[in-house]
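In what follows, chains are A, B, ... by sequence order, proteins preceding strands, each numbered from 1.
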Amino acid sequence: MNLVDKQAVQNKMTKRIISNRIMRQMFFLASIFGIVVLTVLLYRIFSEGLPYLDWRFLTSFASRFPAEAGIKAAIAGSVWLMSVTAPISLVIGVGTAIYLEEYAKENKFTQFIRMNISNLAGVPSVVFGLLGLTVFVRLMEMGRSIIAGGLTMSLLILPIIVVSSQEAIRAIPKNQYEASYAMGATKWQTIRRIVLPAAIPGILTGGILALSRAIGETAPLLMIGALSFIAYLPENIWSGFTVLPIQIFNWTGRPQEEFHLVASAGIIVLLIILLLMNSIAIVIRNKFSKRY
Amino acid sequence: ACNNTGDSEKSRDEEGTSNTDQHTRAETTEVVVDGSSTVFPIMEAVAEEYQKENQGARVNIGTSGSGGGFEKFAAGETHISNASRPIKKEEKAALEKADIDYTEFQIALDGLSIVINKKNDWVDQLTVEELNKMWSADGNVTTWADVREGWPDEEIQFYSPGADSGTFDYFSEVVFGEEGDIRQDASLSEDDNVLVQGVTGSKNGISYFGYAYYAENKDQLKAVPIVNDSGEAVKPNQETVQSGKYNPFARPLFIYVKHSTLKNESVYNFAKYALENAGAMAESVGYVAKPDSAYEKALIRLDEIAGK
Amino acid sequence: MTVNVKEIMNEKKLNQHFLRILEKVVPVFFLLCAIISVLTTIGIILTLLVETITFFNRVSFGEFITGTEWWPFGENASYGILPLISGTLLITGIAMIVALPIGLASAIYLSEFASPKVRKVVKPVLEVLAGIPTIVYGFFALTFVTPILQLVIDDLPIFNALSPGIVVGIMIIPMIASLSEDAMSSVPNHMREGALALGSTRLEVALKVVVPAALSGIIGSFLLGISRAIGETMIVSVAAGSTPKLTTDVTESIQTMTSYIVQVTLGDASYGSTIYYSIYAVGMTLFVFTLIMNLLSQYISSRFKEDY
Amino acid sequence: MNTATDRKPVSIIKTNEPIKEETKTIYMVNNFNLWYGENQALYEVNMGIPMNKVTAIIGPSGCGKSTFIKALNRMVELVPSVKMTGTIKYNDNDIFSSKYKVEDLRTSVGMVFQNPNPFPKSIYENVIYGPKTHGIKRKKILDEIAEKSLKEAALWDEVKDRLHENAFGLSGGQQQRLCIARCLAIEPDVILMDEPTSALDPISTTKIEELVQNLKKDYSIVIVTHNMQQAARISDKTAFFLNGEVIEYNNTDELFSNPNDKRTEDYITGRFG
Amino acid sequence: MNTATDRKPVSIIKTNEPIKEETKTIYMVNNFNLWYGENQALYEVNMGIPMNKVTAIIGPSGCGKSTFIKALNRMVELVPSVKMTGTIKYNDNDIFSSKYKVEDLRTSVGMVFQNPNPFPKSIYENVIYGPKTHGIKRKKILDEIAEKSLKEAALWDEVKDRLHENAFGLSGGQQQRLCIARCLAIEPDVILMDEPTSALDPISTTKIEELVQNLKKDYSIVIVTHNMQQAARISDKTAFFLNGEVIEYNNTDELFSNPNDKRTEDYITGRFG
Ligand SMILES: Nc1ncnc2c1ncn2[C@@H]1O[C@H](COP(=O)(O)OP(=O)(O)OP(=O)(O)O)[C@@H](O)[C@H]1O
Ligand SMILES: Nc1ncnc2c1ncn2[C@@H]1O[C@H](COP(=O)(O)OP(=O)(O)OP(=O)(O)O)[C@@H](O)[C@H]1O
Ligand SMILES: [Mg+2]
Ligand SMILES: [Mg+2]
Ligand SMILES: O=P([O-])([O-])[O-]
């Protein structure tokens, strides 16, 4: 007895295959939608900003003349900020990840920490800005310094780093641990000599992506009050500073049309830095990805 | 209290106190300026020139807004505070409490420009009363016809700077005085360029903002002549603003200088330089200079305070 | 040439006390790291709470939570958060209408149809898209998307919820696409094989097997996207205007909680004013919102978790 | 209606009756070569697969068994780097011809995998997945199909009271029979099985072996196994693969009792593998 | 110096000489039970493991072979849900006693796993991982250890010119011998091997089997295998596990030629598994 009408199945087949084809095109269009938007966006920015982008632009301080305005202080500020944020967030983030993956017992407290981290990942950056303003700038009297900005940013990207480090650690096959333990290695020896080296590509990739987020953040730094004009380079973590997005924001607020073009040039610089950071992440991912 | 440099950080630790009147600043070469974002471009220009002429000089400028600036000024964190409005009572009190003596200097003028769309060919001039009627929260103006007989029966679109800005303060002060509130259905934006976009994009738009934003967009916007106290309808431009003919919307811009910090050579030099050049710098960034005599008087006053 | 490894190892064991101590100290250090994230949350809550309490000493909680008007400026200030919440939800809603279908469709394409080569190119491009600073998107919304929309919708004001909503949506597409793709590509291949071997087309495999199996990850990405949309600041500040309004009309200018906070920090409110405290109350509301979103997402992902 | 329960149990010990000449060949493989990228995995395979019989494929790990059986329903093409030469004819149709739709082929040729791979849905949904996909919507028919297929797969009695529970709740052996039921639901002509019992316990294995014996009345079955005893017990014909080549292909009892090739002999006596 | 190369090859075919009474028992397992959470995986295991002999553990998949051998060096404790009762004595020390450090136990008892698991480091680094972990730092000593261990594992000749290349560049069989070398580097007394050849080709398998034969002079070896021929070829004693129980434990030739238990017989004749 045949319950499946083969002929009917046959008849429906063509329709199914066609709808497969059509939807495939739809999905394809959807995924290039993002790329098209990106192209439009980049086209506008580049056509406006490129004429202003030259060596002088990179090596001059801000100026009231659009043609003389440069982005040196902002680049230096961003670099300083990142060099505070990167080590702090990496150490704490990786430490947290190691704790959660290697040491934590499955109990309420651990669950709480996990929940807390994924919750922090969703907290808007303005709220971190309020935290930074109240705790670092005011309460701890750090002022509007690089260290205050750097700490705020560290906390902001901490959850991203924790999660990506956790994933990197989790991706290490069990058999690597077994091999090390079976040799009589202690837990810390195993972590230091097997786990960390193997997880470093994943950690760095996640770290770089997190830093790219930090380098483009405007709102929290506006809130803790990064400077708008500074015509010398920061000397230490207590110095005042400005960063790329703030400088860009400042230029876009100017009445003179040329400053808006200068802002585009600033955006190009920021995008190039982002692209560089992303490429480094990809290179690391490809180069060091271990084939177990 | 807080600092922006390592040097001052160190000396603070040595003193072990966080007194509000920071002598510590006297040792540093850094000049710290903060306050109004409206005044910022002028002071940025001054600082730029100053640093060109004095190698190694260090000036940094923040844009916390006039109020934010006074707050830092009272906390002893800054030497000079920029403001787009005169200091308020509470701010005075705070400075007094912190034992800070200061002097106010007017460094430039800004002609608050009331602007409309290029295609708007009916509005030839406006009086302050009409503005009051238009912008009032409890006025019943929705269309141009409600403002003046004969104007088209089309809905007005209101654009206004953020209610938290000095420009907004000044405008509502002039138009409403102590009583009355500005209408709340206006589109507000913190960014004056965004307002420019707003009026450029809508035929029935009206807005007001600093002269520079109008001057830069003359080809896209029209400034409305405003009837001044002598009954004359005046358009904002360098001359009418400086001479005071464009009133009541010509507003002064200020810097406030802390007396004790003038002992510090770098602050004194910078303040002096600022007063000497503010006029020229203001013009170069789209504001209006005060008459030369005003700056001369200000410089004498500065030297008096500094004891020179 | 034989070395007696065992003997050497035994000798070494004697001076390995240091290692034993290390073995005890290290976990404590890592625990401290983990606790910092908890401290951050506590810090956020305390920060917000202290100032929020001050705020509620001046403004009644009832007014705050039920008031339909948000106008913290001028004489008769009113602090009803509902307009800010409605603005936030409006932006989030529009963003989701844009981002969910496109993001999910891209994810399906990348995970189920694209060749590995295409995936290798498209995914990083999407990630770059995710990295563009939001301020850039803000001006894109104001100067590109809004004019285009104005061609379609006749009297669309320059500030409206629609344009920034769409752009926020565009901004989170990469995130949703990337995370959903991760979830779908972690569905084991043998599931797909099972369905394909029954004569399913790729589309049927994607929709009937892969998407249901990856549902928890996909929903997780949606909820994260919603969190991002709720928390987005700069796009809305630039392109939506700053007009708190209790409305569901997407063509109107609105204000969100985040853009209010930025407005005030950029503005002139002085420390200690009610406006100043209000940003903490708004921040608290925002925090509670994202907290709810996250708890919801954790509940859902534990609910729908499939173990294959 | 054919159900597993109303048949008398069949001995799982290999019968020694000689296999009669095949009536019909359902698959004809000619000079078939297959590469994964640069690496050749199958070399000049020639093989006819008989209808309504059980054909076993044996050989050591990595010899190409899975690759071969996946070529029969073109599942191997899921690996993008795959290249092929030669022909495979199914019922005299070239399966690689552009006229022949791969979905059609896979509808007639069911497949059961090494590891049970039910969908994360209910038992019932799993079984009717195929028919539903192929456009059958009426609840009544679907119910009947589900019952019939589960009975054929000898699973009905064990699951009839929990049809709407998640399939992951079943034991490994039950899951594998569910996958067989799922494959029977679309009434294929051929069933390909890739080591269907290698992940199962002895008792489940026995059940599946019995099932295969029952199914061959209605279906042609190709089964890959690394367990030579299993091949000997249940198959009619056996092919021995080594390094991508068919070393020997013969009636099962002959191949095991009297291998023609030294390598076959080494393998079946456990000399390697 | 013992190297694989200067020994004469040993036949890998099982010798039929009777095994003499063991001189010494290195492991003594008494009434050992083990649970993964609620599920009991080992039931009342009693077994003495002889010194300098090869002991094979056979049984169908899931019967607890891996669990048992991992209990011997307490690796099984890496699964947090594990609970145990009974005793295991190693050289008369209770391995679960709090006085006995688990790192010490694992230093004396090496382990080789089913899938070769070298570290993603150079060949050299892999071998000296253990000695370095135990505090040996002098380059000269480490070099000597590396050479000696690689020779013992019969890998030296193949890798001596590429010691500083990544271990993943080796073939599966070479990787497995590298893992053996890595384990020999800390000079353990016992080597536990969990299906060390199941992922390998026949030639590599033969090499490893020879190696095991050579190593038993100096080491006590416990080897898990699913390949009965292998057990028969290389071991002195064999234990047959089924569902977590030791069904039979005897000298290898006796167990295979004359099993006491029906289930053993069924298993070794390929009736299931
Ligand atoms: N997706 C793939 N890409 C590249 N090579 C592959 C792929 N799948 C299999 N191979 C290679 O093709 C050869 C045959 O593999 P196949 O899986 O067919 O072997 P098998 O006989 O089924 O082995 P087993 O008993 O282990 O399942 C092997 O050398 C294998 O490495
Ligand atoms: N980590 C674990 N958690 C829970 N149960 C486990 C775990 N590891 C093994 N088991 C269970 O313990 C029993 C014995 O498993 P074990 O791995 O020891 O079997 P085995 O004889 O080594 O099988 P194989 O030949 O497949 O390796 C099995 O039922 C298995 O499901
Ligand atoms: Mg296979
Ligand atoms: Mg095992
Ligand atoms: O920044 P303002 O005070 O000038 O608005």
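Across all non-hydrogen atoms, the minimal contact from B/N60 to A/Y232 is ND2-OH, 2.8 Å. Across B/E44 and A/A62, no two heavy atoms sit closer than the pair OE2-CB, 3.6 Å. For the residue pair A/G253 and B/Y213, the shortest heavy atom distance occurs at O-OH, 2.5 Å.
Contact count against chain A (heavy-atom pairs under 4.5 Å) is highest for B/T63 among B/N217, B/V194, B/T63.
Only the side chain of B/Q51 has a heavy atom closer than 4.5 Å to any heavy atom of chain A. No part of A/A148 comes within reach of chain B, as not one of its non-hydrogen atoms sits under 4.5 angstrom from that chain. Residue B/F209: no heavy atom, backbone or side chain, is found under 4.5 Å from chain A. Contacts between A/E257 and chain B at a heavy-atom distance below 4.5 Å involve the backbone alone (N, CA, C, O).
Taking the side chain as every heavy atom from C-beta outward, A/I230 and B/E30 never approach each other to under 4.5 Å. Looking at heavy atoms from C-beta onward, B/E49 lies out of side-chain contact with A/S63 at the 4.5 angstrom threshold.
The distance from the CD atom of B/E77 to the CD atom of A/E141 is 9.0 Å, given to the nearest 0.5 Å. Atom CZ of residue A/R64 and atom CD of residue B/E48 lie 5.0 Å apart, to the nearest 0.5 angstrom.
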**Message:** If you apply the rule side chain to side chain contact (heavy atoms under 4.5 Å, CB included), what do you find for A/N250 with B/F40, and how did you get there?
**Reply:** CA-CA 10 Å; A/N250 182 285; B/F40 171 79; 3.4 Å; yes
**Message:** Go through it in stages, so that I can follow the logic: the residues are A/R144 and B/S64, the test is side chain to side chain contact (heavy atoms under 4.5 Å, CB included), and I'd like the CA-CA distance, side-chain angles, deciding distance and then a yes or no.
**Reply:** CA-CA 11 Å; A/R144 299 180 293 171; B/S64 306; 3.6 Å; yes
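Between the side chain of B/N193 and the main chain of A/R254, a donor-acceptor pair closer than 3.5 Å is present.
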